[in-house]
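Have a look at the structure below before the remarks.
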Amino acid sequence: MSGKSTTTPAKQDGFKSQWGFIMAAVGSCVGMANVWRFPMLVSRYGGLTFLIPYFIFVIVISQSGMMEEFSLGRWAGYGPVGSFGKAMENGGKSKKAGELIGGVPVFASLCLGIGYSVIMGWVFYYAKMALTGELVAMGNDMNVIGGTFGAVAPEAASLPEAIKMTFATGGANNFWIILAIAVSFLIMILGIAGGIEKSCKVMIPALYVLFIILAIMMPFVPGSSEGYKYIFSLDLRGLLDVNVWVFAFGQCFFSLSVAGSGSVIYGSYLGKDVKIRQSAILCALFDTSAALLAMFIVIPAMATTGADLGNGGPGLMFIYLIPVFNNMGGIARIMFIFFYVAVLFAGLSSIINLFETPVAFLQEKLHFNRVTATAVIHIIGVAIALTIQPWTSQWMDMVSIYLCPLGALTAGIMFFWIMKKDTALAAVQEGDPKPVMRWFLSFGKYVFVPLCAACFILGIVFGGIG
């Protein structure tokens with residue numbers, strides 16, 4: 001296949017293969033929340049009782065929102081700003097208004113990438129400690145384990161307090177945040193095919209290999225069997241719990257990365273012969289399998305100590321798993337190395353996707369070259385990331401509750417409501433001899449778009465659902 005979009009002659013780069021695109025798209029979906037939040041939710045809401053609603057939403061979102069965003073980007077040949085403008089123009093409305101609305105997911109992607117950079121700093125630091133044996137040396141001393149993470153990730157109640165704290169202390173984890181952003185920069189300046197595609201074709205398979213090895217090792221750890229029993233437990237009454245469905249939906253929505261940004265921009269780099277529906281199915285399968293692998297590692301591991309996963313959050317990955325792995329004896333160090341290196345790959349592949357949307361915006365609208373656009377975004381990213389370190393949790397909540405659902409909602413409206421029906425159908429059908437589902441457009445219009453609105457409202461009501 002040609003690999004790159006021919007819609008815009010200015011684009012000289014793009015994915016060289018469908019496999020490369022899928023690996024990059026999977027990388028944008030598989031993030032650290034797959035590792036800490038998914039197992040926590042499975043534990044909190046009861047094994048299959050949570051997994052059944054989750055699987056339902058995977059089918060719903062992958063067969064509507066993911067297909068829509070890939071198709072929108074490929075049809076327009078641009079990121080959110082250009083795509084939204086072209087969609088509005090196609091529907092007989094103001095192109096300029098569409099471009100302004102497209103600024104929302106671009107801004108959201110930049111903000112999310114900045115917050116992710118701080119967390120990636122934590123991951124780089126813990127990967128280093130895994131390699132040097134420092135995590136093993138902590139043993140089961142929760143004062144040391146908790147104190148280490150507290151020093152790396154201090155917390156402030158407000159942004160002004162966070163800024164003041166950062167400048168007073170010189171930053172808690174500056175070097176590792178800078179390193180994380182520098183690695184992202186080095187990958188991205190090499191371009192779509194030479195940087196993002198090549199790196200994801202290495203990182204994502206490596207991530208799966210490491211997780212599969214860890215998952216295979218877990219059944220041999222004494223006490224882990226209780227974790228497997230719990231995973232496969234089903235409480236039919238639990239399926240009547242609204243919270244189970246709300247949080248299964250939220251986790252799936254954010255995990256599949258429908259936000260009107262990353263999937264749109266990656267779609268714009270797609271060749272015309274790529275099958276959109278097949279790609280969406282494969283991306284959803286890979287993303288879900290990564291979350292399940294993390295579940296089969298984390299829940300049995302926690303079961304060996306009888307620990308409660310219900311609290312979840314970053315603490316699960318950076319605090320509570322430390323003594324669990326250290327209780328495994330001689331294999332603890334290899335467990336640490338495999339686990340944190342896999343998480344590092346998951347985080348890096350996500351962060352380059354998040355930064356790609358604003359980078360592409362600077363290239364498309366301000367005509368920056370690739371290196372300059374990438375440098376500007378990463379300089380902005382590192383400056384803000386270093387400043388907001390103690391306020392990262394609130395920053396991420398702000399973006400995920402308010403901005404990301406709006407990006408998904410506006411993209412859905414552009415494709416399913418604004419664009420001409422024949423144009424939208426042709427965009428998703430292109431490159432695939434198999435006819436698209438007859439119900440696709442109606443389903444997207446009357447199910448997916450309302451779900452995006454629900455995600456925004458429920459996020460505010462529940463204080464975050466993903």
Subject >> Those residues that, when tested against Gln363, pass side chain to side chain donor-acceptor pair (under 3.5 Å) (two or more places apart) >> reply: Arg370
**OP:** Only counting residues at least two apart or in another chain, list the ones meeting ring-ring contact (aromatic ring centres under 6.0 Å, His included) with Phe361.
**Re:** none
Original post:
Is the closest side-chain heavy-atom distance between Phe448 and Cys452 below 4.5 Å?
Top reply: yes
Original post:
Would you say the side chains of Asn369 and Thr372 form a donor-acceptor pair under 3.5 Å?
Top reply: yes
**OP:** Name all residues meeting the ring-ring contact (aromatic ring centres under 6.0 Å, His included) criterion together with Phe84; count only those two or more places apart in sequence or in a different chain, and write none if there are none.
**Re:** none
Original post:
ring pair (Phe, Tyr, Trp, His ring centres under 6.0 Å) between Tyr125 and Trp176: does it pass, once the steps are laid out?
Top reply: CA-CA 6 Å; Tyr125 182 61; Trp176 299 101; 5.8 Å; yes
Donor-acceptor pairs under 3.5 Å, side chain of residues 377-389 to any protein atom, not counting sequence neighbours: which ones?
{"residue": "His378", "atom": "ND1", "partner": "Thr374", "partner atom": "O", "Å": "2.8"}
{"residue": "His378", "atom": "NE2", "partner": "Ser184", "partner atom": "OG", "Å": "2.8"}
{"residue": "His378", "atom": "NE2", "partner": "Phe185", "partner atom": "N", "Å": "3.3"}
{"residue": "Thr387", "atom": "OG1", "partner": "Ala383", "partner atom": "O", "Å": "2.8"}
{"residue": "Gln389", "atom": "OE1", "partner": "Ala172", "partner atom": "N", "Å": "3.4"}
{"residue": "Gln389", "atom": "OE1", "partner": "Asn173", "partner atom": "N", "Å": "3.0"}
{"residue": "Gln389", "atom": "NE2", "partner": "Asn174", "partner atom": "OD1", "Å": "2.7"}
{"residue": "Gln389", "atom": "NE2", "partner": "Leu386", "partner atom": "O", "Å": "3.1"}

**OP:** First locate atom CD of Gln251, then atom CZ of Phe57, and finally report the distance between them rounded to the nearest 0.5 Å.
**Re:** 12.5 Å
Original post:
Which distance, rounded to the nearest 0.5 Å, do you find between the CE of Met203 and the OH of Tyr208?
Top reply: 13.0 Å
Original post:
Nearest 0.5 Å, what's the CD1-CG distance between Ile212 and Leu207?
Top reply: 9.5 Å
Subject >> Donor-acceptor under 3.5 Å (Arg74 side chain, Val264 main chain) >> reply: no
Please output the side-chain donor-acceptor pairs of residues 282-298 that fall under 3.5 Å, not counting sequence neighbours, one pair per line with the distance.
{"residue": "Asp287", "atom": "OD1", "partner": "Asn34", "partner atom": "ND2", "Å": "3.2"}
{"residue": "Asp287", "atom": "OD1", "partner": "Ser255", "partner atom": "OG", "Å": "3.2"}
{"residue": "Asp287", "atom": "OD2", "partner": "Ser255", "partner atom": "OG", "Å": "2.7"}
{"residue": "Thr288", "atom": "OG1", "partner": "Ala284", "partner atom": "O", "Å": "2.8"}
{"residue": "Ser289", "atom": "OG", "partner": "Leu285", "partner atom": "O", "Å": "3.1"}
{"residue": "Ser289", "atom": "OG", "partner": "Phe286", "partner atom": "O", "Å": "2.8"}

Subject >> Distance (rounded to the nearest 0.5 Å) between Ile460 CD1 and Ile465 CD1 >> reply: 10.5 Å
Original post:
Between the side chains of Glu155 and Ser393, does any donor sit under 3.5 Å from an acceptor?
Top reply: no
**OP:** Mark yes or no for whether Gln429, through its side chain, and Val436, through its backbone, hold a donor-acceptor pair below 3.5 Å.
**Re:** yes
**OP:** Output all residues satisfying salt bridge (Lys or Arg N to Asp or Glu O under 4.0 Å) with Asp235, sequence neighbours left out; order by chain, then residue number.
**Re:** Arg237
**OP:** State which residues pass side chain to side chain donor-acceptor pair (under 3.5 Å) with Ser109; sequence neighbours excluded, sorted by chain then number.
**Re:** none
**OP:** To the nearest 0.5 Å, tell me how far Phe416 CZ sits from Leu72 CG.
**Re:** 10.0 Å
Return a table of donor-acceptor pairs under 3.5 angstrom between the side chains of residues 187-201 and protein atoms on other chains or two or more places apart.
{"residue": "Glu197", "atom": "OE1", "partner": "Lys16", "partner atom": "N", "Å": "2.7"}
{"residue": "Glu197", "atom": "OE2", "partner": "Lys16", "partner atom": "N", "Å": "3.4"}
{"residue": "Glu197", "atom": "OE2", "partner": "Ser17", "partner atom": "N", "Å": "3.3"}
{"residue": "Glu197", "atom": "OE2", "partner": "Ser17", "partner atom": "OG", "Å": "3.1"}
{"residue": "Ser199", "atom": "OG", "partner": "Gly195", "partner atom": "O", "Å": "2.8"}
{"residue": "Ser199", "atom": "OG", "partner": "Ile196", "partner atom": "O", "Å": "3.0"}

Original post:
Nearest 0.5 Å, what's the CE-CZ distance between Met67 and Phe443?
Top reply: 11.0 Å
Subject >> Test log, rule side chain to side chain contact (heavy atoms under 4.5 Å, CB included), inputs Val35 and Phe211 >> reply: CA-CA 10 Å; Val35 180; Phe211 268 3; 3.9 Å; yes
Original post:
Hey, does the side chain of Thr410 reach the backbone of Gly407 with a donor-acceptor pair shorter than 3.5 angstrom?
Top reply: yes
Subject >> Partner residues of Ser94 under the side chain to side chain donor-acceptor pair (under 3.5 Å) criterion, sequence neighbours left out >> reply: none
**OP:** Give the ring-plane orientation class for Phe318 versus Phe149, where under 30° counts as parallel, over 60° as perpendicular and anything between as tilted.
**Re:** parallel
Subject >> Those residues that, when tested against Trp395, pass ring-ring contact (aromatic ring centres under 6.0 Å, His included) (two or more places apart) >> reply: none
Original post:
Got a donor-acceptor contact below 3.5 angstrom from the Trp417 side chain to the Lys445 backbone?
Top reply: yes
Original post:
Is there side-chain contact between Asn90 and Trp75, with heavy atoms separated by less than 4.5 Å?
Top reply: yes
Subject >> Counterpart residues, salt bridge (Lys or Arg N to Asp or Glu O under 4.0 Å), relative to Glu99 (two or more places apart) >> reply: Lys365
Original post:
Which residues satisfy the ring-ring contact (aromatic ring centres under 6.0 Å, His included) test with Phe21, sequence neighbours excluded?
Top reply: Phe15, Phe70
